[in-house]
Protein chains: 2
Amino acid sequence: MPGGGEAMAVTLRDVALAAGVSPSTVSRALTVPEKVDERTRERILTLAAELGYRPNRAARGLITGRTGNLGLLVPDLANPFFPGLVKAIQARALESDYQVFVVDTDEDVALEPELIRQLAKQVDGLLLCSPRMRPATLREATEATPTVLVNRALARVSSVTFENGEGTSALIRHLAGLGHRRIGFVGGPAGSWSGAQRLRGVRTACATAGLLLHELGQVAPTFEGGTSALELVLRAPVTAVVAYNDLVAIGLSQALAERSIEVPGRISVAGFDDIPMAGMIRPSLTTVAMPLARAGSAAVDLLLRHLGEPEPRVRQIQVPTALRVRGSTGPSLGLDES
Amino acid sequence: MPGGGEAMAVTLRDVALAAGVSPSTVSRALTVPEKVDERTRERILTLAAELGYRPNRAARGLITGRTGNLGLLVPDLANPFFPGLVKAIQARALESDYQVFVVDTDEDVALEPELIRQLAKQVDGLLLCSPRMRPATLREATEATPTVLVNRALARVSSVTFENGEGTSALIRHLAGLGHRRIGFVGGPAGSWSGAQRLRGVRTACATAGLLLHELGQVAPTFEGGTSALELVLRAPVTAVVAYNDLVAIGLSQALAERSIEVPGRISVAGFDDIPMAGMIRPSLTTVAMPLARAGSAAVDLLLRHLGEPEPRVRQIQVPTALRVRGSTGPSLGLDES
DNA sequence: TTGAAAGCGCTAACAG
DNA sequence: CTGTTAGCGCTTTCAA
């Protein structure tokens, strides 16, 4: 007898043979149960279970055009902001019996389109988190496959975004309330959509509150990016710094500590994202939290609805952010008033 | 004209029609180029590119049995240990033109088998990272699909593991060198294979060095798990604690700090994994690093080789770990000698 | 070297 | 309610 090999998977046909019915009947029993006689259906279902039958989704997808999979693209899983989102999305998708395939672009903009194309073929819809690609390229990608953008907006495409501007504005108001008059802002990656939002929020709130704003350039959205901003921060006469995100804020705080500059004693630092680490360090980091679970569910729901509708109805959802006041911004010890 | 709809994908047949050849020829031009006349082939390839033809991998997979995808299962993407591994695996797979589908089990053992089954259907091979499931169940899963285990071993199944025991032994030797005589160990999840290894390493090294070992029970492999271990640690007369992993170590350090117990002044703390955060906090955490990139590449290489061979040749690779000495374990200030 | 034909596992008309 | 027929997009015999 020919060598064992991989246990040949049981197919729908095997079940049909065993049940003494046609393949179509089995198919129906599985996908449109109400169109099959109750007794036959039960027999088939039992048999299928016994034989350990598992439908081949690829084959099914070939004909229905649906795979039961969703594709999820993220720039960098090592950025602690994303895992939370990924998990929320996965959890919600699983509830609806969709499986999620996660792909990491490693912050490589050039890689995005190709990975999307590959992914698109094997999923019913795409969730694109913080895609860095240019609007034109992004639009192209969204046209080929039902897509929901997360943490980025684009005209005529459904999206779930965070109220980034509101978030940084709240941060600025909080700092103003603490007595700060001169604020520094350390920006993120050049192409970042959310970065632009955050800067806008900082600007308007500073203007409104009559604070002096020092824009301290842009750095990589990482811990190292934060440490690299040290000199810029020291050179500017600011008493508080808002960073593009928590990682940058933490890197900066660390660099300040290395120079024995007290946070928040001599300078306050705030971030954005509320990554888990923000609450684990001392002083704990004041930041802006994104309701990840809510955003993830919303994104999945949106996408699923699109899959149902023939003519996808664009919806752009904004979820509010929440200020998390913690140690790194107060109480203000001695604000220098020079 | 009928509503736009999704741009219908160009199929192999479209290319064939355009080139004036049969589908088979196009297929061959794409997959076994040497079996097609050079000029026809070139014409086909050009045309395919022009039309933007992308093979439907699902359809191809239906017949070849290969999808060009690898499946990757991880217990928790929010655990900062995993993203590094995931990224390494993805990078290496992409080089070989394989796409990686990541699925997070959310530390839910019961979920593992089902997710694996779903995944298995759509991939050529499986990479299972730190699976928590019981050996029997795990074996079942590995029998259905070519599989490589990462950070877990099982008889007659290929795997890439870390020298966990060596790592904790080195840690203990380091602590002994610092003058510690009474060591505490805070364990991880009950079913954890690597946890067992780490404990073993601690035990043998303590025995060898003549140190007193206090096994302080098991906690969740999280920051909260670490803080919850505080009382146990305080109750034991130890001057140094080795935790199951960095997250636990950090949680514990934090809890100690809250009680104004100096680390490493009054008690040293060490972790395992060398997550990014270990280097970002003060005092920075002494820990054991895993060569993630190396392990990831090795795992993918192993799996790819299996896919080539008819009779998978089991290989179990162990990659060495490296001690990272940092602030949290020294220099020892005043070890109490009572 | 190429084409015709068959079929991977499944679903979707269409009859019955 | 059920079986038959056809075919999703692709590869792979088998002949020519």
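Any value given below was found using the heavy atoms of this structure, including those in side chains, with hydrogens, waters and symmetry copies removed. Proteins get letters first, then strands, A, B, ... in listed order; numbering begins at 1 in each.
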In whole Å, what is the span from the [atom1] atom of [X] to the [atom2] atom of [N]?
{"X": "A:N56", "N": "C:dT11", "atom1": "CG", "atom2": "P", "result": "9 Å"}
{"X": "B:D124", "N": "C:dC8", "atom1": "CG", "atom2": "P", "result": "19 Å"}
{"X": "A:L17", "N": "D:dG3", "atom1": "CG", "atom2": "C1'", "result": "14 Å"}
{"X": "A:K35", "N": "C:dT11", "atom1": "NZ", "atom2": "P", "result": "15 Å"}
{"X": "B:L12", "N": "D:dC8", "atom1": "CG", "atom2": "P", "result": "13 Å"}
{"X": "B:R66", "N": "D:dT12", "atom1": "CZ", "atom2": "C1'", "result": "16 Å"}
{"X": "A:R41", "N": "D:dC1", "atom1": "CZ", "atom2": "P", "result": "9 Å"}

Taking for each residue the nucleotide of DNA chain D bearing the nearest heavy atom, is the 5' side occupied by B:A59 or by B:R28? B:A59

[X] side chain, from C-beta outward: closest of [options]:
{"X": "B:L62", "options": "D:dC1, C:dC8, C:dC10", "answer": "C:dC8"}
{"X": "A:I63", "options": "C:dT1, C:dC10, D:dT11", "answer": "C:dC10"}
{"X": "A:D37", "options": "C:dT11, D:dC1, D:dT4", "answer": "D:dC1"}

At less than 4.0 Å, is any side-chain N or O atom of [X] found next to OP1 or OP2 of [N]? Yes or no.
{"X": "A:R13", "N": "C:dG9", "result": "no"}
{"X": "A:T25", "N": "D:dG3", "result": "yes"}
{"X": "A:T64", "N": "C:dA12", "result": "no"}

Short N-O contact, B:R54 and A:E114, less than 4.0 angstrom: yes

Could you tell me whether the side chain of [X] and the main chain of [Y] form a donor-acceptor pair under 3.5 Å?
{"X": "A:S27", "Y": "A:P23", "answer": "no"}
{"X": "A:R152", "Y": "A:S194", "answer": "no"}
{"X": "A:S159", "Y": "A:T161", "answer": "no"}

When you look at B:N69 and B:Q122, which way does the side-chain hydrogen bond (donor to acceptor under 3.5 Å, both in side chains) test go after all the steps? CA-CA 7 Å; B:N69 299 328; B:Q122 334 208 24; over 6 Å; no

Whether the side chain of A:S24 and the base of D:dT4 hold a donor-acceptor pair under 3.5 Å is what I'd like checked. yes

Mind checking B:T11 for me? I need base, sugar-phosphate or nothing, with any heavy atom below 4.0 Å counting as a touch.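 Sugar-phosphate: the residue B:T11, judged by heavy atoms under 4.0 Å, touches backbone atoms but no base.
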
